[in-house]
Amino acid sequence: MDRQPERETDELSSPAIISDRVLVNGVVTPLTLTADGELRSTESGRRKSTVAKEILSFVVEGNKVRVKTLVERRGGICCGGSGGDYARNDFVFEPLSDESRKLWSDKLHQHLDSLGRPKKLLVFVNPFGGKKSARKIFQEEVKPLLEDANIQLEIQETKYQLHAKEIVRSMDVSKYDGIVCVSGDGILVEVVNGLLERADWKTALKLPIGMVPAGSGNGMIKSLLEPVGLPCSATSATVSIIRGRTRSLDVATISQGATKFFSVLMLAWGLVADIDIESEKFRWMGSARFDIYGLQRIICLRQYNGRILFVPAPGFESYGQRASCSVDKESCGSDKALVYQGPDTKLEDLDWREMKGPFVSVWLHNVPWGAENTLAAPDAKFSDGFLDLIVMKDCPKLALLSLMTKLSDGTHVQSPYVSYLKVKAFVLEPGARIDEPDKEGIIDSDGEVLARGRRSYKCDQKALMSYDKLQISVDQGLATLFSPE
């Protein structure tokens, strides 16, 4: 029964797990399940065809076997759309005997069990992000795929800011094979910060986190999907989660005294931070809000006094001037032995360099894409142990307008007005605006306000840190993400 057709297996791209003749639409057809998960059939003994590139699950219905599969399709729609580059399809066949049906069932079970796919996921759905479409995206695109893959789901809609962080900080991580964020990048940041505030953070951070684009920015999932040629769609993101492949992610610790924030995407001060935070009044526009408000900010351009210090990665030692750096000693709390305190790096012993203002923009990036249409740091890597630093000190407005149009392909970093380098550690000493010294700026990390200076946008609202010196260091490969490769 578990036999190989004479000529068919020679042309298979991988070994056959099982190959037999079955009924397909009433016609006896040779059918093969390959080791890489493809179902291959031969029509009338001539033309071979792949009936499924990827099997989600299967069910035996009487004498027939219904295989739930994914088929490839082209022309995926971008984030928040109704498609990707995969579509669901059922393939039904009928083995010619009870013995054959049992063998097919056993082999399909063995194949699916061997893939290491997640079996139970905690899913956060943020109904407030972006165009408020996360609930619809989850119900119509994400949930059907996950259920077809026989993945158990525990669904939690976030009700307020930091809700996801509260949940992961105290949940039983042993119950799940991963966490999924149907949102923009904000819920991912909450999840990582919550996991790092646990006593068992070393174990908790091994739990993979998956992203499904349903917010304004979607920079992390874009950074994962774009390099492998997949569209930034809910379907592509969900398929990547189902497959269960993972990759590590650097985590940056931002410290100010004893106060800490753990960043996975970026930190911005100056133009980028002003656009990111002040444009929130246009959230209903989705990602277009950044372009529209960005134009306004360039026309009324601000510059800020201040100083940055950094430890350059090998090959970038020519940037800046040599400097001494007074590193803040982290306060020793009673819980120091329990929760994550940041990388174990002696920053004071490193070779520091500095740049002095005025600055138009200072931007640190952990991954390439800052938003779906913004390739902020084209050379950034997920787990190289460095942050990509993009600095603009002075730039004519017309040249700046041209630079903004190049953010979509990353060529802005080639401008003579931009310094682009990799750093291991970083210190920001923010200052006031050049034109109005009684006004200060905003420090933004991962889309949230970290600090608000005097007379800045919504300066009366409480922020995690003060508008003052802060330091950043990187822990290589600390977190874990579901990844398409």
Side-chain angles (χ1 to χ4, degrees), residues 118 121-122 124 164-165 168 173 176-198 200-213 215 217-228 230 232 236-237 240-241 243-254 260-267 313 340-345 363-372 374-389 422-426 445-448 472-485:
L121 297 171
L122 173 61
F124 288 109
K165 180 181 177 181
V168 301
V173 295
Y176 309 101
D177 298 310
I179 299 172
V180 175
C181 307
V182 186
S183 67
D185 295 305
I187 300 300
L188 167 67
V189 177
E190 288 190 27
V191 168
V192 171
N193 275 264
L195 293 175
L196 284 167
E197 290 182 8
R198 296 170 58 100
D200 63 346
W201 60 269
K202 289 183 179 179
T203 300
L205 280 174
K206 296 176 182 177
L207 197 65
I209 307 168
M211 296 294 302
V212 176
N218 307 309
M220 184 63 73
I221 188 61
K222 175 74 172 185
S223 296
L224 287 164
L225 296 174
E226 194 275 340
V228 294
L230 292 173
C232 185
S236 293
S240 297
I241 293 166
R243 287 173 174 163
R245 298 167 189 160
T246 62
R247 74 184 312 156
S248 57
L249 175 70
D250 292 344
V251 176
T253 299
I254 305 173
K260 294 180 178 62
F261 178 79
F262 305 112
S263 168
V264 294
L265 196 68
M266 64 86 170
L267 177 135
Y340 178 69
Q341 295 293 307
D344 186 17
T345 305
W363 206 1
L364 276 171
H365 247 270
N366 193 32
V367 295
W369 292 84
E372 184 187 339
T374 305
L375 183 54
D379 296 337
K381 308 296 181 187
F382 284 91
S383 57
D384 63 354
F386 301 108
L387 296 171
D388 283 36
L389 174 60
K422 288 182 177 288
V423 301
K424 179 64 179 175
F426 180 84
S445 182
D446 297 355
E448 302 298 332
I472 306 172
S473 52
V474 187
D475 213 334
Q476 186 171 4
L478 191 64
T480 309
L481 297 177
F482 283 114
S483 174
E485 63 171 12

> Where is the tightest heavy-atom contact between M266 and S445, given as atom of each residue plus distance?
Replying inline: O-OG, 3.1 Å
> Yes or no on side chain to side chain contact (heavy atoms under 4.5 Å, CB included) for Y340 and L205, after CA distance, side-chain angles and deciding distance?
Replying inline: CA-CA 11 Å; Y340 178 69; L205 280 174; 6.0 Å; no
>> With a 4.5 Å cut-off on side-chain heavy atoms, are L387 and D250 touching?
In response: no
>> Quick check against the 3.5 Å criterion: does D475 have a side-chain atom that pairs as donor or acceptor with the backbone of T253?
In response: no
> With sequence neighbours left out, what residues match E448 under salt bridge (Lys or Arg N to Asp or Glu O under 4.0 Å)?
Replying inline: none
>> D388: which residues meet the salt bridge (Lys or Arg N to Asp or Glu O under 4.0 Å) condition with it, sequence neighbours left out?
In response: K422
>> If the condition is side-chain contact (heavy atoms from CB on, under 4.5 Å), which residues does P208 pass it with, not counting sequence neighbours?
In response: T246, T480, F482
> Of all residues at least two apart in sequence or in a different chain, which pass the salt bridge (Lys or Arg N to Asp or Glu O under 4.0 Å) check with D379?
Replying inline: none
>> One pair to check against side chain to side chain contact (heavy atoms under 4.5 Å, CB included): L249 and V367. What are the steps and the verdict?
In response: CA-CA 9 Å; L249 175 70; V367 295; 4.0 Å; yes
>> My understanding is that only residues two or more places apart in sequence, or in another chain, count here; which of them pass side-chain contact (heavy atoms from CB on, under 4.5 Å) with V212?
In response: I137, V142, V180, V182, A234, A237, T238, I241
> Could you give all pairs that pass the side-chain hydrogen bond (donor to acceptor under 3.5 Å, both in side chains) test and reach residues 179-197, with sequence neighbours left out?
Replying inline: K165-E197, R169-E197
> Taking the side chain as C-beta and beyond, is there a heavy-atom pair between N366 and L265 under 4.5 Å?
Replying inline: no
> Can you tell me how far CE of M211 sits from CD1 of I179, rounded to the nearest 0.5 angstrom?
Replying inline: 12.0 Å
>> For the CG atom of L478 and the NZ atom of K202, what is their distance to the nearest 0.5 Å?
In response: 10.0 Å
> Should F261 and D446 count as side-chain neighbours, where that means a heavy-atom distance under 4.5 Å?
Replying inline: yes
> Partners of D177 by side-chain hydrogen bond (donor to acceptor under 3.5 Å, both in side chains), sequence neighbours excluded?
Replying inline: none
> By side-chain hydrogen bond (donor to acceptor under 3.5 Å, both in side chains), which residues pair with T374, not counting sequence neighbours?
Replying inline: none
> Distance from F262 atom CZ to L196 atom CG, nearest 0.5 Å?
Replying inline: 5.0 Å
> Excluding sequence neighbours, so at least two apart, what forms side-chain contact (heavy atoms from CB on, under 4.5 Å) with A204?
Replying inline: V173, L195, R198, D200
> So, for P484 and R245, which heavy atoms are closest and what is the spacing to 0.1 Å?
Replying inline: O-NH1, 3.2 Å
>> Test side chain to side chain contact (heavy atoms under 4.5 Å, CB included) on I472 and V423; report intermediate values, then the result.
In response: CA-CA 10 Å; I472 306 172; V423 301; over 6 Å; no
>> Within the 4.5 Å heavy-atom criterion, are L224 and S240 side-chain neighbours or not?
In response: no
> How close do N218 and P213 get, heavy atom to heavy atom, and via which atoms?
Replying inline: OD1-CA, 3.4 Å
>> Taking the side chain as everything from C-beta on, heavy atoms only, tell me whether M220 gets closer than 4.5 Å to F382.
In response: yes
> Any side-chain heavy atom of F386 sitting closer than 4.5 Å to one from V474?
Replying inline: no
> By side-chain contact (heavy atoms from CB on, under 4.5 Å), which residues pair with E485, not counting sequence neighbours?
Replying inline: V228, R247, S483
> So, does S223 use its side chain to make a donor-acceptor pair with the main chain of G219 at under 3.5 Å?
Replying inline: yes
> Partners of T345 by side-chain hydrogen bond (donor to acceptor under 3.5 Å, both in side chains), sequence neighbours excluded?
Replying inline: none
> Of all residues at least two apart in sequence or in a different chain, which pass the ring-ring contact (aromatic ring centres under 6.0 Å, His included) check with W369?
Replying inline: none
>> Is the shortest side-chain heavy-atom distance between L389 and F426 below 4.5 Å?
In response: yes
